[in-house]
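Structure first, then comments.
Residue numbers start from 1 in every chain, and the chains themselves are labelled A, B, ... in the order their sequence lines are given, proteins ahead of strands. Worth knowing before you read on, the calculation uses all heavy atoms, side chains too, and leaves out hydrogens, waters and symmetry mates.
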Amino acid sequence: MLQYVLKRVLLTIPTLIGAAALVFLLMRLIPGDICLVRLGGGGASFDPKALASCHTEIGVDRPVIVQFLEFMWGAVRLDFGTSMWSGKPVIVEIAARLPISLEIAIMATVVAVALAIPLGTISALKQGTWLDVAVRVFAIGGIATPSFWLGIVSVLLVLDLTNWIGGKPWMPPIDYVPLWQDPIHNLSMAMLPALTVGYRYAAVTMRMTRSTMLEVMKEDYIRTARAKGLINKLIINRHALKNALLPIVTLIGIEFAFLIGGLVVTEQVFNLNGVGRLFVQAVQNQDYTLTQALVMLTVTVFVFTNLAVDLLYAWLDPRIRFN
Amino acid sequence: MSTTTADPDALDLRPPAWSRAVRFCQRQPLGSFGLVLVVIVAITGIFAELLAPYNPTANDFSSMTEAPSLAHLLGTDQFGRDLMSRIIFGARTALIVGLSSAFVGGLLGLVLGVGSAYFGGTIDLLLQRVFDVVMAFPLIIMALAIVSIFGTGVHNVIIAITIPLIPRCARVVRSAALVIREVPYVDAARACGYGHVRIIMRHMSPNVMAPFLIMVTAFVGQAILAEASLSYLGLGVQEPVPAWGLMLQGGAEEYASTAPWIAIFPGVAIMLSVLGINLFGDALRDTLDPKLRDR
């Protein structure tokens, strides 16, 4: 087991270095001079001295390899420089927006798991019935529906519904208040975005639950359990679901990392100041240092989630541990 | 040594194409429904000029945010543009972006995946690490990073969506090709002295078509969704090009309560086309994948 853990942990290093190199390269491919964009941003004419001092300031006048090593060293120390737009340290900008995105991501995962596992199991157990078809259509609808559109429509529905019931339209709040300070405010802000992102997440997990349950139910040990007279509930909970959970756990882990992608659009719809929205703003403002840091952050979260899933999988499945 | 050449038609014992199509519809009613949706979107996109009642980019300030009526079946937007015409032309944008990203990404993935499996060794190891790195970027994040470099517009959106799809296809194709590599006919081809390119393209690639087609079908749906998301964020297709995601940006939210049709119809168009592709893709997977085939 220790050897497996070590191997998996070491394998993340080349991926992260490669990702950092790719991010660095992508940002260097941007046509034009970053300093020209910066100096031209004010609309005033600039002198060559200002351009040269800007080059020295952001360090683009040094050899590329030195710049890369410095970027890597900064990334290791979580020092990504300052935002080219706000002038604040990038890490401060990100830290301020992280709680909101993290909360929505966790809530969406809870929604997804709570919907997907029971519905997926029922769908598999009732294969071919109208219930199975209904769950499958619901699931495939979740994959086809763009989350930002679902967001717009859900806000519209809330507005109309509250107007109809209370005579006054109500909009969910957009400012972040920690859960422990004002739980009602916090939850009414996060609920709709979590449901919108969670629907797709639930849909993907539901399909996986259904197919693995169908596979597991055909296994010999299920037949044995039936033959020895175990009651159905026990067979499903203790024998089938427990074994079917492995690939589902993997998927939940991988999809959690992909949530960040979903948040990019959802936060825009709900006007929430999370990391996803910061990303869009960074790209729109051509704030390369911030974009670079955010891409690196996403990739790191993704790589580490994958690592955690693999380790969890090895811990749950003895066949992997002992190979 | 003399060889007898059999009549290829006599060897084809499969039922005729129409009867296979009928059987597909009977076995896969949801998949057939998906196919119908896909065909509708394709016809709409191809014949947009003939089908659209109005010019999709022409403003008409005398009929702004008009509700659906006989003159404008799906209403008009905040510039008085006919929504139905914009949705019809939007199908073309979605098809162009969806099909080109999926096919170019899929084909490059196919060649790299089969090549990686065929050569093995260091090349395979290196390619795998590169795929690992690219796949560590969620699709939309990678697309955003690429758009920040190349800028917006249809062509750049296609590039931005194609690149992250390549390793996803290559991964799946490689695992199928690893099995094919061990099959005697590849050894036979090698013994005949055929070149690497010929073996990869003529002998191995056709045999990984099932996972490839399943992947490409799924990619079309993913690409349409990614394009819609990018355009919605203002980082994809730009005005005045009619695109579904773009139609949901700005005006759709601003006028959501007074003119909800602006927000509803483009979303329905995205949903139905991606739903169609996914339903068809699922049926295709069940039909092509022998492990899932219930025969």
Side-chain angles (χ1 to χ4, degrees), chain A residues 11 14-23 26-31 133 136-137 140-141 143-150 152-153 155-156 159-160 163 169 207 211 257-262 264-265 268-269 271 276 279-280 282-284 286-288 291-292 294-295 298-300 302-303 306, chain B residues 29-30 34 37 129-130 132-152 218 221-222 224-226 228-230 232-235 244-245 248-249 252-253 256-257 260 262-264 266-279 281-282 291-292:
Chain A
L11 258 179
T15 312
L16 281 176
I17 294 178
L22 189 60
V23 172
L26 280 175
M27 293 300 136
R28 292 308 173 284
L29 280 176
I30 291 166
V133 175
R136 283 172 71 192
V137 170
I140 212 156
I143 297 171
T145 315
S147 55
F148 58 92
W149 180 68
L150 199 61
I152 298 173
V153 173
V155 169
L156 199 66
L159 274 174
D160 279 355
N163 194 21
R207 278 157 63 93
S211 65
F258 273 97
L259 261 187
I260 304 164
V264 169
V265 257
Q268 195 77 13
V269 177
N271 267 323
F279 204 132
V280 178
V283 174
Q284 278 166 344
Q286 297 183 306
D287 189 339
Y288 305 122
T291 312
Q292 195 164 271
L294 283 167
V295 175
T298 323
V299 172
T300 313
F302 185 76
V303 169
N306 265 349
Chain B
L30 276 178
L37 285 179
R129 293 288 78 78
V130 174
D132 268 350
V133 169
V134 182
M135 280 177 72
F137 294 77
L139 199 150
I140 195 89
I141 303 289
M142 182 67 150
L144 274 177
I146 296 170
V147 164
S148 77
I149 297 161
F150 293 117
T152 52
Q222 284 177 27
I224 291 178
L225 273 183
S229 304
L230 284 175
Y232 169 73
L233 294 172
L235 298 166
W244 295 334
L248 289 168
Q249 195 209 14
E253 285 165 304
S257 48
I262 306 180
I264 291 171
V268 173
I270 302 173
M271 198 180 73
L272 285 180
S273 42
V274 180
L275 184 78
I277 292 163
N278 285 350
L279 285 175
D282 272 12
K291 269 189 285 179
L292 291 164

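- Using a 4.5 Å cut-off between heavy atoms, A/Val299 contacts chain B through both its backbone and its side chain.
- Checked against salt bridge (Lys or Arg N to Asp or Glu O under 4.0 Å), A/Arg207 has the following partners two or more places apart in sequence or in another chain: B/Asp282.
- Among the candidates B/Ile277, B/Val268, B/Leu272, the residue making the largest number of heavy-atom pairs closer than 4.5 Å to chain A is B/Val268.
- Residue B/Leu235 touches chain A through its side chain alone, counting heavy-atom pairs closer than 4.5 Å.
- Both the backbone and the side chain of A/Ile143 come within less than 4.5 Å of a heavy atom in chain B.
- In this structure, chain B has heavy atoms under 4.5 Å from both the backbone and the side chain of A/Val269.
- With sequence neighbours excluded, the residues forming a side chain to side chain contact (heavy atoms under 4.5 Å, CB included) with B/Leu225 are A/Pro146, B/Ile270, B/Val274, listed by chain and number.
- Using a 4.5 Å cut-off between heavy atoms, B/Met135 touches chain A through its backbone atoms (N, CA, C, O) alone.
- Taking each heavy atom of A/Trp149 and B/Met271 in turn, the nearest pair found is CZ3-SD, 3.8 Å.
- Neither the backbone nor the side chain of B/Val147 comes within contact range of chain A; no heavy atoms are under 4.5 Å apart.
- Heavy-atom distances place both the backbone and the side chain of B/Leu279 under 4.5 Å from chain A.
- Here the closest heavy-atom approach between residue A/Ala144 and residue B/Leu275 is recorded as CB-N, 3.4 Å.
- Proximity to chain B is limited to the side chain of A/Leu11, based on heavy atoms less than 4.5 angstrom apart.
- In this structure, chain B has a heavy atom under 4.5 Å from the side chain of A/Leu22, while its backbone stays farther away.
- Under the side-chain contact (heavy atoms from CB on, under 4.5 Å) test applied with B/Ile141, the options A/Thr291, A/Val264, A/Leu294 reduce to a single match, A/Val264.
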